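These numbers come from a predicted model, not from an experiment. Each ligand, and each atom within it, is numbered from 1 in the order the structure gives.
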Amino acid sequence: SAKSSGRGRVEAFTSELGEIQRRRATLERELRQALARDELEVYYQPQVDLKTWTICGAEALVRWHHPDLGSISPAEFVPVAEATGLIHNIGAWVLAKASSDAKQLLPGLRIAVNASAAQVQRASFVNEVRQLLQRQELAVGQLEIEITESLLMEDVQTALENLHAIKQLGVRIALDDFGTGYSSLAYLRRFPFDKLKIDRAFIRELTSTSDARAIVRTILQLARVLGMDTVAEGVEEPAQLEVLQHVGCGSIQGFLVARPMPVQSLIQLRESWAKLPRPLFEGALPES
Ligand code: C2E
Ligand code: MG
Ligand code: MG
Ligand code: MG
């Protein structure tokens with residue numbers, strides 16, 4: 001009957017909710033142990049300069065390999081880490097690991113580390129960066145911090161002060177996932193961004209809708225006026241690369257170049273990069 005099927009739906013819904021809550025409780029419990037058990041790792045995804053077709057940087061992306069649960073996506077566990085405050089320890093670990101990889105294994109490469117809004121709100125974050133530089137566990141100018149627009153919605157004053165402080169230390173700041181959030185043009189001027197990362201959503205539609213192309217063009221113009229570098233996120237297809245070269249995007253990051261990889265693989269990729277064929281589009285790249 002209608003009544004019982006309605007109840008069935010409610011029961012199905014409740015059990016699904018229970019499922020989500022159980023998964024979350026499991027992740028929370030296991031994540032508390034993840035650092036001590038050495039289950040976290042940092043992968044790197046290269047960024048390629050479109051003028052020179054060289055690997056100009058890499059984004060550090062945290063990975064969690066759990067012995068029973070398998071690999072868990074940061075898209076799933078970073079929000080859990082943020083909600084529980086574990087992000088401060090995890091973030092500090094990623095920052096230290098990426099710094100030592102950068103200094104010891106990836107000389108000359110700029111490494112971008114993601115920071116959650118909660119991290120940037122804390123003075124301890126600035127101190128972590130300062131100490132890494134003081135102990136020379138990081139080369140000045142090698143570190144870039146990526147933040148998202150959600151940060152701009154919270155305690156703006158503290159975030160602004162902390163970002164200015166780390167920028168004074170010689171750290172670059174990139175605005176991640178640009179174009180999908182709420183940042184006003186006024187914020188773009190108030191915050192000391194060195195780079196805009198154009199969100200994957202626009203790149204995905206770059207070759208199918210004229211809107212996306214117009215938006216990307218506008219973002220690039222804006223960045224140029226404000227003196228910021230640009231990187232397109234989530235570039236998967238040669239046709240997208242061709243458009244991006246045409247409209248003058250600074251650099252790209254995406255599966256077309258490479259997926260995020262362990263540091264040893266990035267070292268190898270850097271060594272073989274110059275010998276790899278590079279995509280050439282008429283007039284887009286200078287002759288070498
Ligand atoms: P994000 O910072 O925007 O990182 C880019 C994400 O896009 C990464 O997902 C990357 O693997 C993925 N990606 C790169 N190229 C392509 C492409 O061509 N196609 C598609 N479909 N995806 C691509 P990942 O590694 O799963 O990370 C997801 C998010 O988790 C990150 O988004 C970031 O917000 C967060 N995250 C990752 N590592 C950290 C970290 O160490 N700290 C903090 N606070 N957040 C992190
Ligand atoms: Mg990022
Ligand atoms: Mg992003
Ligand atoms: Mg993101």
Side-chain angles (χ1 to χ4, degrees), residues 27 31 34-35 39-48 55 57-65 70-99 101-102 110-122 125 128-129 143-151 154 159 172-181 183 193-207 219 229-241 244 249 251-263 265-266:
L27 290 186
L31 197 53
L35 268 178
E39 293 168 1
L40 298 185
E41 194 178 355
V42 179
Y43 272 31
Y44 298 91
Q45 187 178 34
Q47 297 174 343
V48 172
I55 297 177
E59 178 174 8
L61 294 156
V62 67
R63 293 291 178 262
W64 181 16
H65 310 286
S71 290
I72 300 144
S73 162
E76 187 178 12
F77 76 81
V78 166
V80 177
E82 288 172 338
T84 53
L86 290 167
I87 194 65
H88 298 289
N89 282 337
I90 292 173
W93 180 82
V94 171
L95 183 64
K97 182 73 171 76
S99 298
D101 284 350
R110 178 170 292 140
I111 301 298
V113 175
N114 291 283
S116 295
Q119 288 176 268
V120 180
Q121 300 291 349
R122 279 207 189 173
F125 180 71
E128 284 162 22
V129 175
L143 180 67
E144 186 168 85
I145 296 293
E146 292 192 5
I147 61 162
T148 58
E149 293 174 74
S150 63
L151 181 94
E154 295 178 25
R172 290 165 47 96
I173 300 165
L175 182 55
D176 206 352
D177 306 339
F178 182 68
T180 55
S183 64
F193 299 121
D194 299 283
K195 187 188 254 183
L196 291 185
K197 298 194 76 177
I198 306 169
D199 194 78
R200 180 155 62 90
F202 301 115
I203 309 307
R204 202 167 38 218
E205 295 187 13
L206 205 51
T207 53
I219 293 174
D229 293 339
T230 46
V231 55
E233 291 191 275
V235 180
E236 295 182 353
E237 293 160 16
Q240 294 166 342
L241 169 60
L244 289 165
C249 186
S251 58
I252 61 162
Q253 179 183 344
F255 296 170
L256 179 69
V257 173
R259 292 186 179 246
M261 61 185 82
V263 67
S265 306
L266 182 59

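- The proximity of Asp177 to ligand 1, defined as any non-hydrogen pair under 4.0 Å, is limited to the side chain.
- Taking each heavy atom of Gln121 and Ala159 in turn, the nearest pair found is OE1-N, 3.8 Å.
- Using 4.0 Å as the threshold, Gln253 has no heavy atom nearer than that to any atom of ligand 1.
- Listed here is the closest heavy atom pair of Phe255 and Pro260: CE2-CD, 4.2 Å.
- Taking each of Ser116, Gly254, Ala258 in turn, the one with a heavy atom nearest to atom 44 (N) of ligand 1 proves to be Ser116.
- By the 4.0 Å heavy-atom criterion, Pro260 is counted among the residues contacting ligand 1.
- For the ligand labelled ligand 1, residue Glu59 lies inside the 4.0 Å heavy-atom shell.
- With the Mg ion (ligand 2) at the apex, Asp176 OD2 and Glu59 OE2 define an angle of roughly 180° (rounded to 10 degrees).
- A donor-acceptor contact shorter than 3.5 Å is absent between the side chain of Thr148 and the backbone of Leu175.
- For ligand 1, the polar-atom distance check finds an N/O of Phe255 within less than 3.5 Å of one of the ligand's N/O atoms.
- Atoms of ligand 1 found under 4.0 Å from any heavy atom of Val94, numbered from 1 in the order shown, are 41 (O).
- Note on Glu233: its N/O/S atom closest to the Mg ion (ligand 3) is OE2.
- Taking distance alone, with nitrogen or oxygen atoms compared against 3.5 Å, Val62 approaches ligand 1 more closely than that limit.
- Inclusion of Glu146 in the first shell of the Mg ion (ligand 3) is not supported: no N, O or S atom falls under 2.8 Å.
- A side-chain donor-acceptor contact under 3.5 Å links Asp194 to the backbone of Ile173.
- Of the possible polar contacts, none joining the Glu76 side chain to the Ser73 backbone as a donor-acceptor pair under 3.5 Å is found.
- Here the CD1 atom belonging to Ile203 is positioned 5.0 Å from the CD1 atom belonging to Ile198, to the nearest 0.5 angstrom.
- Residue contacts with ligand 1 include Arg63, since one or more of its heavy atoms lies under 4.0 Å from the ligand.
- At least one heavy atom of Arg200 sits closer than 4.0 Å to an atom of ligand 1.
- The Mg ion (ligand 3) lies closest to atom OD1 when only the N/O/S atoms of Asp177 are considered.
- At least one side-chain heavy atom of Glu39 sits less than 4.5 Å from a side-chain heavy atom of Trp64.
- The backbone N or O of Asp176 sits nowhere less than 3.5 Å from a side-chain atom of Glu146 that would complete a donor-acceptor pair.
- Note that CZ of Arg204 and CD of Glu233 are 11.0 Å apart. Values are rounded to the nearest 0.5 Å.
- Listed by number with element, the atoms of ligand 1 under 4.0 Å from a non-hydrogen atom of Gln45 are 14 (C), 15 (N).
- The Mg ion (ligand 2) lies under 2.8 Å from an N, O or S atom belonging to Asn114.
- Under 4.0 angstrom from ligand 1, the non-hydrogen atoms of Asp176 all belong to its side chain.
- No part of Lys197 comes within 4.0 Å of ligand 1, judged by heavy-atom distances.
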Given the rule in the side-chain contact (heavy atoms from CB on, under 4.5 Å) test, do Leu256 and Gln240 qualify, once you have shown the distances and angles that lead to the verdict?
CA-CA 10 Å; Leu256 179 69; Gln240 294 166 342; over 6 Å; no

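- In summary, Asp199 places no N/O/S atom under 2.8 Å from the Mg ion (ligand 3), failing the contact criterion.
- Side-chain contact of Gln253 with Gln47: a donor-acceptor pair under 3.5 Å is present, judged by distance alone.
- The side-chain heavy atoms of Gln119 and His88, taken from C-beta on, include a pair separated by under 4.5 Å.
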